[in-house]
Amino acid sequence: MSTEHAAPALSTRDFIDLEERYGAHNYHPLDLVIERGEGCWVHDVEGRKYLDCLSAYSAVNQGHCHPRILETLREQAAKVTLTSRAFRNDQLPHLYKALRELSGLSRALPMNSGAEACETAIKLARKWGYTVKGIPEDKAEVIVFANNFHGRTISLISFSTVRSYRQGFGPFTPGFTVVPYDDVEAVRRAITPNTCAILMEPIQAEAGVLIPRDGYLKQVAELCKQHRVLFMVDEIQTGLGRTGKTFAFQHEDVRPDVIVVGKALSGGFYPVSAVMADDEVMGVLRPGEHGSTYGGNPLGCAVARTALDVLRDERLVERSAEMGTSFLAMLKTLKNRHIVEVRGRGLMIGVALDISARPACEALMKEGVLCKETHDSVIRLTPPLIVTQAELDWAFERIKKVIEAL
Ligand SMILES: *Cc1c(COP(=O)(O)O)cnc(C)c1O
């Protein structure tokens, strides 16, 4: 065995020091350093094991390093990885077909990050507004919601209502109207003849798992139809089984005009996102009007297709509904005066506190359960959808110990 290249092993502290010294400080991570993941579990550099109850913000719904997706990644990486869209590749059509079957919308446009896909949806809506609806040049408006999260580009933060996302990053992109979430009348009042689209999260995940009242999506969708406004849903975090349905909008009887997906579309292996729409909307784009070098690359397409196959073959949507119901019921029995509410759909669950959730997340980490506070006071619990009842029981014991001691 050769040891000539072996450097002394770095400790957690060493990795953190390096990161703090050389990296931008745009995150405030929990202080563990992960080196390996398998299924619902990750291992840190000290050999400790944790149950992942964040799933990379729902990007690893299929579990870490899923063997089937890994196999596809390996095979495709050895064949061809990037062709650019200057040429066609033999993987993209398969992904188109899979997305069509999944969404019922006839066409897809592949991108990479979620933010990029949201930007794409907005470009699509504006173009549709001018060329189909007949909105005067540069007058298109998109209605968005307080506490939204759609990504970090300049245009997307232009309509964020979170101070730290915006402060110091102006000037901002015009053309957005922000209205309160879960308020149909506010949407009605905000619609003008120049409104081309509404961009909505069916559940506001980053905002702390805010679930609108039943019927809200349907009423908004009807308003959209009445006023000829595109109903666009951002399913980047809520989609692909997370809430116990393939898409969170399916909890109500609605059909969006545009669906945006990302995150779990590639099971955590590789950034792949997509915008889906019917012909009337997608048809407004002509060659040269939009693109991305890596968007639709064969490696990403192959990985995404297998990631979707895994969702179907392992019945992860159904599992999410079943396990989520069980986990939510357990979590609702937690007793502590700082708990404001325990709410969730499928395996997207929030425990809302009236104090900062950070110390609880740090204490949970020490117990071997990984989760992250969102909007300061909410503990978001979103384990991979392959999680078992035994694993949830294991996590619950630790969550109970930490929360009831707050
Ligand atoms: C994560 C997320 C995005 C942004 O995706 P990135 O890949 O981080 O750019 C957009 N919308 C929602 C709802 C998200 O959760």
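Just so you know, ligand 1 is whichever comes first in the structure, and atom 1 is the first atom listed for that ligand. The residues of the chain are indexed from 1 along the displayed sequence. Remember, predicted model here, so these are calculated numbers, not experimental data.
The pair E397-K401 fails the salt-bridge criterion, with no side-chain N (NZ, NE, NH1 or NH2) lying under 4.0 Å from an Asp/Glu carboxylate O. A salt bridge links E185 with R188; the closest basic N to acidic carboxylate O contact falls under 4.0 Å. Using a 4.0 Å cut-off between charged nitrogen and carboxylate oxygen, R305 and D309 do not count as a salt-bridge pair. The pair E362-K366 does not count as a salt bridge, with every side-chain nitrogen at least 4.0 angstrom from each carboxylate oxygen.
For the residue pair E235/T238, the side-chain donor-acceptor check at 3.5 Å is satisfied.
Below 3.5 Å of separation, one finds no N or O of G151 facing any N or O of ligand 1. Taking distance alone, with nitrogen or oxygen atoms compared against 3.5 Å, E201 stays at or beyond that limit from ligand 1. Where the criterion is an N or O separation shorter than 3.5 Å, residue side chain and backbone included, E206 fails it with respect to ligand 1. For ligand 1, the polar-atom distance check finds an N/O of D234 within less than 3.5 Å of one of the ligand's N/O atoms. In terms of polar-atom proximity, defined here as any N/O pair under 3.5 Å, C118 makes no such contact with ligand 1.
Contact annotation: for F149 versus ligand 1, heavy atoms closer than 4.0 Å belong to both the backbone and the side chain. In K263, the part holding a heavy atom less than 4.0 Å from any atom of ligand 1 is the side chain.
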Identify each donor-acceptor pair in which a side-chain atom of residues 322-330 lies under 3.5 Å from a protein atom, sequence neighbours left out, and give them as a table.
| residue | atom | partner | partner atom | Å |
| --- | --- | --- | --- | --- |
| T325 | OG1 | A321 | O | 2.7 |
| S326 | OG | Q389 | OE1 | 2.9 |
| S326 | OG | Q389 | NE2 | 3.1 |

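Atom numbering of ligand 1 starts at 1 in the shown order; those under 4.0 Å from a heavy atom of S113 are 7 (O), 9 (O). For ligand 1, the atoms sitting less than 4.0 Å from at least one non-hydrogen atom of A115 are 4 (C), 5 (O), 6 (P), 9 (O), numbered in the order shown with element in parentheses.
The aromatic rings of F159 and H150 sit tilted, their planes meeting at an angle between 30° and 60°.
Scanning the protein heavy atoms around atom 7 (O) of ligand 1, the nearest turns out to be G114 N, 2.8 Å.
Residues satisfying the side-chain hydrogen bond (donor to acceptor under 3.5 Å, both in side chains) test with Q226, not counting sequence neighbours, are none.
In this structure, atom 15 (O) of ligand 1 has a protein heavy-atom contact shorter than 4.0 Å.
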